[in-house]
Structures are given as C-alpha cells and as structure tokens.
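Following: one structure in structure tokens, then a few remarks.
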Amino acid sequence: MASSNVLDPFLQRQIRSLGWLKNVAFSAGQESDSLNVTVHLRIPSMLHPQLQELKARISSAAREAVETMNLTSNADLISVNVNISLEPTKPLHLYERDPQQLQLQQLESLGPGLASVTHSVAIYSCKGGVGKSTIAVNLAYELAHRGVRVGLLDVDLHGPSLPTLVKPNDTAVRRSPLGTNMVYPIQHGGVKLMSLGFVSPKSGVPGAAGTSGAAVMRGPMTSKVVTQLLKGTDWGELDVLLLDFPPGTGDVQLTVCQQLTLSGAVIVTTPSNLALVDAVKGVDMFEAMGISTLAVVENMSFFKCSDGTKHFPFGKGISSDNNNIAEMLGVDPSSVFSLGISSHISNANESGIPMCLSRPMLAESELEMYSNLASSTEKQLFSLQYGLPLLNRNEESSGDGEETTATFDDDTNDSDEEFPLHSAILLANNDNYSFTLRMFSQKKAAQKTLAGDIFRLVHPRTGYRLDQIDADNSNDKTFRTMMATSQTEVKTACGSGGDISSTSGASRRLFPVKIEKKGNYGYSCEWADGSTIIYS
C-alpha cells in the first residue's frame, strides 16, 4: 500500500525500510458509502519528535490510495476514515544496536533491571537549591503525558526529594522475581519511581523512608546504596530513565557514570553567577566523560507582579541584552529554557501532585516551557537512537537528520566510504603498544592502527596534536593541562633531547592498558604510567 512508502519526517526514510509498518486493516464504516482504514505501526520508541506529522502523512497517503482504488473500481465511496494505531516495541538498550564484544560486556554488567532501558539521562545542577528536583519530576510527567515510557530515580541519598514532590497512594516497595534483592519501582501517574525515601526503614540503610534519621554515610557506603537503587530495581521497559542527581561532582555522580552509559544530561541553574560558576563545572565533568548536555533550564529567572511587570531577583540571565549562558555552558541557544518563579509550581510541590500531572489551566506558560523542554529532549534522544548528531555536539550538522560521518585518510581503506561516527570502536593492543580504531557502515567495516605515544599527544576532544599548537596563546584549560603532562611523558620516553613528535622512542609507559566506553561519544583510556584520560 502507498502508506508503506511514506517518508518519516524526522529520519527521512521510508517506514517500510524502517520496519515500522505492521499491517493495514479495512472495515465498513457506519454509513454504507464510508470505509474505515486502520494502519498499525510498531515504532521503537515513543520519543519520536514528530509523531503527529508522521501520522498526518500516513493518513494522507492512505486516503489518496483509497480514492485511487475508488476511481478505478467505479465504487461510490464518499468518506474515508483513517485511524493510526501506534504500538511501541520492546525497548533496546543502545548497546544492543552495536553488538560488538565491548558493548556486549557492558550490557551484561548492567544487570536484568536495566536491560530494557533505552536511555538514561542525568538531571543535575552542581549547586543546591536551584529547583533541580522540581524540574526532574515535571519533565518525567511531561514525557509520560506524551506517551513515553519513563522512570525517575532519586539519586540524592542525603536529601531525597521525590517522596515530598510525588505522593503516591501506595508507596510499598515490593520484591521482584527478576533476581535476588530485586524490587519493583513505585508506579504513579504513568511514571515509575524509586527513591531511598520510599525504601522501608527495616532495610537498615541510614535515611531509608525519610523516618530513620539522617543518611550519614561515607563514600563507599553511598556508592553501594546508589548501585543497589539503580541496578536492584526492576525498571521493566523504559524509553528513558531520568536520574535526579544530588548537587556537586562527587561519589554519587562518578558511581552512576561508571555504572551507566548516560545518553545525555540536563543542567538546571539560576541566572546568578554563583550558580553558573558551578554549572560550568558540571558541564566540564560530563563532557570529559563523553556525555553531552542536552538542555539547560534557567530556573527562577523572573517573577511577574499582578500588573504584569517582570522582575529579575537573580539577574536577567537569558533575558539580558548580552546573554552568554549558552556560550558559557557550550550548548546551542535553542536548548536553553527559562522558567519563572511560579505559585502554580510551588502549590504543586506542596501538594505532592506534580504540575505536569495535574496540568492546571492557569499554568499555561509553565506547561509550555516543560513542553518545549520535553520536545528538545525527545529530539536529541531519538537522534542518538538512530546515530544522528546531537544538537549540542561540536560536530557541524545541517539539522536535516543526516548522520555525522567520518572517513579514513590512509591508502589501506576506501577513502570514499563514510562511516557513522557513533559506530566507532576503540580497542587497546598491549602487544605493540597501540590502539585499533574500528568503524562500521551498512556496506563494510574498516580499521586503523594508532601508535600509543602519538595518540598520547592528541587533544582528547578536538583531535589536534598538542605539540603543534601554541600553548601560550590557547585559552583551552584541557589543552593546557594535557600539554603539560603529555609533553613531559613523551620527552621522557624519547630520552633527553629526543624528538617529541617521533614514534621511534615509544616507551612501555606510553601504551594503553585499559579502554572503557564513557557516554556515547567518549572512551576512557588508562595508560601504563598510571594516568587516565577520557577522549570524546
């Protein structure tokens, strides 16, 4: 049928080639001269950013096909009713889309509770009191309102906010048969929830249920509890799991980043420089681990008086004439969102019914902001799912749904063949002190060997040779740090007076020992001299 030839408006590919078309059913309408057409679609995720346009295209194509058949058969049909049925498939973790050995090992380490979770997204602030948990809760319920299968984990052990912001009727945490010590999350309003504040005080964990005193725990204990909440919960099938991080860049953040490959992060700040300074630190931490910032929410940006006058208690921020928040945080300006101080949000927090769940009619502007934030998040996560460039990555993108690709520049590979950048696999070769870079396309695979001592001189983000850039004129803090350590190590390897750009003096201290994937674009490399560098 013609509907199978419809192009998806976002991916620009036929739904038939995507395997989304399940079947088309015809039935007689209520009137004798009408016909009902039902098109059944099975899509991989409800995160699709242009579902309504896709449905409109399919509906139009189905009507045209029926009208054409009507003219051919000289039938007397007057009306055609088209219904589009959407059925999400079982979510696949991103590792399952690239079945290389490295990815398979990491998929197994996730455990059964996270096996059917496609995306994990951090909501963080690095500065306390900026409304991060409120943003996380309402983003979760806005996504659920759109049909997305979503979960929310409160990772703040020392100050869990979820039991205050969301008050389900049934807060019992029940055991899951999926494995030993596995539990089901609490389900409320279409969102799966878990927090230390929901855990029974009989568990013996300090701070459990919010009634057993303060959660006084040192780093190792904190990491153990976070891992249990994350991997010990039977999350089931989720398009996205939101992680409400505590402030800072400490043990909890590092534990989660080590346990998961995060698809991205949403940062929450206020317009004040005090909050922005810490926001930059958070962006640096995640970027160093190959995790992109999907969006920035400038919370408490303003408040309105009864006469409509806007006031900016923490500075104008986005509203100022010389707004540089996007530039400061290194994100696309279209991914920066502003939310004012609102009595609707405050009342929702006090009642335990999230605003994006109750959806009060008078909160139109607040709901619009969350809708825009959810749309931006959906677009970038769906792009990642199909290997398309993220909006806030540094790679140049035309924005028309094309993949970011790379080519090999040596004589051993076809220089005309383009490989999706997300397919890159980096492996360590300890026998000859080098790396192997492998890339895959639909037609072929290719690989290239990189000398370890030369790779040590490559900037971990830009790919430029550190010894070929003027350090005195560079404002890049990462470059300055890397330049100082890398030149010292390579000079030592080459010997006194050795050529820093030469590979002839390769040292056993300058070869990769261990490679781990970080985020969706990064790799952590542990070198033989004990240093660890994250390349993204």
Side-chain angles (χ1 to χ4, degrees), residues 10 44-49 91-95 97-98 106 110 114 117-126 132 135-136 138-140 142-143 146 148-153 155 230 238-245 249 253-254 256-269 279-297 326 329-337 370 372-395 397 399 403-404 421-422 461 517-524 534 536:
F10 187 74
S45 171
M46 294 301 289
L47 288 167
H48 193 299
L92 290 178
H93 194 279
L94 290 181
Y95 288 147
R97 301 173 188 279
D98 194 0
Q106 291 176 303
L110 291 174
L114 293 166
V117 177
T118 301
H119 297 284
S120 299
V121 175
I123 314 295
Y124 72 103
S125 64
C126 290
K132 165 188 53 60
I135 299 296
N138 281 288
L139 176 58
E142 178 62 31
L143 289 170
R146 295 161 174 248
V148 176
R149 297 166 291 185
V150 59
L152 175 60
L153 174 60
V155 198
L230 182 64
L238 293 181
D239 294 313
V240 58
L241 174 62
L242 300 181
L243 305 163
D244 181 11
F245 273 30
T249 56
Q253 289 82 353
L254 293 177
V256 173
C257 290
Q258 289 170 354
Q259 300 284 351
L260 288 177
T261 293
L262 295 176
S263 297
V266 175
I267 186 167
V268 183
T269 182
V280 171
K281 296 176 183 177
V283 171
D284 287 344
M285 179 190 73
F286 281 109
E287 284 191 351
M289 304 189 77
I291 301 167
S292 293
T293 299
L294 303 178
V296 176
V297 179
L329 299 179
V331 301
D332 190 280
S334 65
S335 296
V336 181
F337 303 92
Y370 279 108
N372 293 336
L373 174 61
S375 295
S376 177
T377 304
E378 282 180 332
K379 180 178 180 179
Q380 299 198 69
L381 292 180
F382 198 75
S383 296
L384 182 62
Q385 204 163 335
Y386 279 88
L388 305 179
L390 295 183
L391 181 61
N392 291 323
R393 293 288 298 175
N394 291 327
E395 295 97 338
S397 170
E403 290 183 319
T404 300
L421 196 58
H422 72 94
R461 297 185 195 174
K517 190 170 178 62
K518 296 293 183 182
N520 292 286
Y521 293 90
Y523 280 88
S524 171
I534 298 177
S536 62

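All of these numbers come straight from a predicted model, not from anything done at the bench.
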inquiry  = Is there a side-chain contact (heavy atoms from CB on, under 4.5 Å) between C257 and I291? Walk through the geometry before answering.
reply    = CA-CA 9 Å; C257 290; I291 301 167; 4.1 Å; yes
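- Side-chain contact between V268 and F337 is absent, with no heavy-atom pair separated by less than 4.5 Å.
- Rounding to the nearest 0.5 Å gives a distance of 4.5 Å between CD of Q380 and OG of S335.
- With sequence neighbours excluded, the residues forming a side chain to side chain contact (heavy atoms under 4.5 Å, CB included) with E142 are H145, R146, C356, R359, Y370, S371, A374, listed by chain and number.
- Minimum heavy-atom separation, F10 to S383: CZ-OG, 3.2 Å.
- In this structure, SG on C126 lies 9.5 Å from CG on D284, to the nearest 0.5 angstrom.
- The shortest non-hydrogen separation linking R149 to S45 is NH2-CA, 4.3 Å.
- The heavy-atom pair separating D239 from M46 by the smallest distance is OD2-N, 3.6 Å.
- Applying the side chain to side chain contact (heavy atoms under 4.5 Å, CB included) test to A122 and every residue at least two apart in sequence or in another chain returns F245, L262, A265, F286.
- In summary, of the residues considered (L243, L139, L294), a side chain to side chain contact (heavy atoms under 4.5 Å, CB included) with V121 occurs for L294 alone.
- The two residues S263 and H119 have their closest heavy-atom pair at OG-ND1, 2.9 Å.
- Considering every non-hydrogen atom in both K132 and I123, the closest pair reads CD-O, 3.4 Å.
- In this structure, CG on L238 lies 11.0 Å from CG on L152, to the nearest 0.5 angstrom.
- Residues meeting the side-chain hydrogen bond (donor to acceptor under 3.5 Å, both in side chains) test with N138, sequence neighbours left out: none.
- L242 CG to I135 CD1: the interatomic distance, rounded to the nearest 0.5 Å, is 12.0 Å.
- A donor-acceptor pair under 3.5 Å links the side-chain atoms of T377 to the main chain of L373, judged by distance alone.
- Rounded to the nearest 0.5 angstrom, L230 CG and L114 CG are separated by 5.0 Å.
- Atoms OG and CG, on S375 and L143 in that order, are 9.0 Å from each other to the nearest 0.5 Å.
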